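Input: a single structure, listed below in structure tokens.
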Amino acid sequence: MRWLRRLFQKSRADHDLDRELHFHLERQIADHIAAGISAEEARRRANLEFGGLERVKEEVRDTRWENSPR
């Protein structure tokens with residue numbers, strides 16, 4: 001049963017991470033738009049600056065793994 005609990009906790013953690021990263025990406029886009037950049041260009045720049053959501057997710061997962069108690 002522990003493995004099932006861990007699976008759900010991981011799933012919840014991944015969902016929370018996804019929501020948080022999207023929030024920050026959208027904030028970056030909004031900041032660019034507020035600075036007078038078109039929505040399309042703002043999204044492009046934010047994605048470039050952010051470095052890609054999947055890459056950031058992997059970095060966070062790697063950091064969590066390194067810092068998790070064993």
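Because the structure is predicted, anything quoted here is derived from the model rather than measured.
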All heavy atoms of Ile37 vs all of Ala42, minimum pair found to be CG2-N, 3.5 Å
Kindly indicate, with the supporting measurements, whether the criterion salt bridge (Lys or Arg N to Asp or Glu O under 4.0 Å) is fulfilled by Arg45 and Glu49. CA-CA 6 Å; Arg45 286 187 188 186; Glu49 292 166 356; over 6 Å; no
Do Asp16 and Arg12 have side-chain heavy atoms sitting under 4.5 Å apart? yes
With a 4.5 Å limit on heavy-atom distance, are the side chains of His15 and Arg19 in contact? yes
What's the spacing between Leu48 CG and Gln28 CD if we round to 0.5 Å? 11.0 Å
Quick check for you: to the nearest 0.5 Å, what is the distance between Ile29 atom CD1 and His32 atom NE2? 8.0 Å
Looking at Arg55 and Phe50, what are the two nearest heavy atoms and their distance? NH2-O, 3.2 Å
Check step by step if side chain to side chain contact (heavy atoms under 4.5 Å, CB included) holds for Arg43 and Glu26. CA-CA 8 Å; Arg43 182 166 296 283; Glu26 292 301 321; 3.5 Å; yes
